[in-house]
Amino acid sequence: QCEEAAYEERRYPAGKWACVTKGEPMYEQSISMSFMKLMRYICKENSVGCYLGMTVPVLNEIHLTKDETELEREVVTAYYLPGEFQQNPPVPMDPEIHITERAPLRVITRVFYGMTTEETILREISLFWELLGSTDTVLRETYIVASYENPSIPQRRNEIWFICRA
């Protein structure tokens, strides 16, 4: 029980990410299609023509509707470029992949296991808010789902990230 309630604060430095934005009818469709595009970029479809190396976590940035009951359709899936490519990122062959410099990030994060669906994400956000209580130190409309393992693993490790205000 105690293990489940744990959360931690983390800081991430600025860095370059390969990002794909999708707005499919279901969250799972958006992240699946985006991840497949990113995998092709990672594996060979880039200006250096070679495998770039996998980094974790893969991030899915989500936004809630105004009433906070649903996810907005548009999801940004992001892959952190390995250190050797940070200064000079290989150019993606796919025009839907954009290389973005993301600012340093401070998050409060909590682990959860299993599939990431709109339903499980909304539940995790709600549980995390119950744990944190009322606070205005984090954003209420934007969240990040961080995935550390292959989506086919049934009990894969994920995190929900609440983004701290600057």
Side-chain angles (χ1 to χ4, degrees), residues 3-64 70-86 89-102 105-128 131 142-163:
E3 178 78 19
E4 203 176 316
Y7 59 89
E8 64 179 288
E9 184 175 318
R10 284 196 216 128
R11 290 173 191 273
Y12 290 92
K16 292 192 174 78
W17 295 74
C19 302
V20 177
T21 303
K22 285 279 182 201
E24 298 302 317
M26 290 175 63
Y27 170 81
E28 300 91 310
Q29 291 171 308
S30 291
I31 63 167
S32 175
M33 291 171 78
S34 294
F35 187 70
M36 290 315 295
K37 285 180 169 289
L38 289 170
M39 277 311 295
R40 286 193 292 273
Y41 168 69
I42 293 163
C43 288
K44 199 170 177 126
E45 292 180 13
N46 57 63
S47 58
V48 292
C50 68
Y51 177 67
L52 305 180
M54 192 62 208
T55 61
V56 289
V58 171
L59 305 183
N60 293 293
E61 187 177 300
I62 57 170
H63 302 275
L64 294 189
E70 293 179 79
L71 300 184
E72 294 278 354
R73 286 302 113 222
E74 211 162 78
V75 179
V76 178
T77 301
Y79 152 78
Y80 184 78
L81 288 154
E84 65 266 30
F85 300 112
Q86 280 292 315
V91 177
M93 300 298 183
D94 186 330
E96 286 189 49
I97 299 174
H98 302 282
I99 306 300
T100 308
E101 171 89 36
R102 297 189 90 153
L105 193 61
R106 191 165 56 95
V107 297
I108 299 172
T109 175
R110 182 170 184 269
V111 174
F112 70 99
Y113 294 91
M115 301 302 289
T116 54
T117 63
E118 180 164 353
E119 186 184 357
T120 59
I121 291 165
L122 289 169
R123 184 175 65 238
E124 290 301 324
I125 289 171
S126 174
L127 287 169
F128 204 171
L131 241 134
T142 303
Y143 300 90
I144 293 174
V145 179
S147 297
Y148 287 85
E149 295 164 314
N150 184 314
S152 65
I153 295 172
Q155 282 302 308
R156 75 173 178 170
R157 176 175 169 235
N158 307 288
E159 293 173 342
I160 191 80
W161 291 3
F162 281 24
I163 302 164

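The basis for the numbers below is simple: all heavy atoms, side chains too, and nothing from hydrogens, waters or symmetry mates. Just so you know, residue 1 is the first one in the sequence shown, and it goes up from there.
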Taking the side chain as every heavy atom from C-beta outward, state whether [X] and [Y] have any pair of such atoms under 4.5 Å apart.
X	Y	answer
Thr116	Asn60	no
Leu71	Leu64	yes
Ile160	Leu127	no

Salt bridge (Lys or Arg N to Asp or Glu O under 4.0 Å): which pairs involve residues 151-163, sequence neighbours left out? Arg10-Glu159, Arg157-Glu159

Is the backbone N or O of [Y] less than 3.5 Å from a side-chain atom of [X], with the two atoms forming a donor-acceptor pair by type?
X	Y	value
Gln86	Lys16	yes
Asn158	Gly114	yes
Thr55	Leu81	no

Just one of Glu72, Glu96, Glu74 clears the salt bridge (charged side-chain N to carboxylate O under 4.0 Å, His left out) bar with Lys22, so which one? Glu96

So which of Glu124, Glu8, Glu9 actually passes salt bridge (charged side-chain N to carboxylate O under 4.0 Å, His left out) with Arg110? Glu124

Might you confirm whether atom [atom1] of [X] has over 12 heavy atoms from other residues, nucleotides or ligands at distances under 6.0 Å?
X	atom1	value
Met54	CE	yes
Glu119	CD	no
Tyr113	OH	no

Any pair counted as ring pair (Phe, Tyr, Trp, His ring centres under 6.0 Å), so long as it reaches residues 14-44, sequence neighbours left out: Trp17-Tyr80

Counterpart residues, side chain to side chain donor-acceptor pair (under 3.5 Å), relative to Arg40 (two or more places apart): none

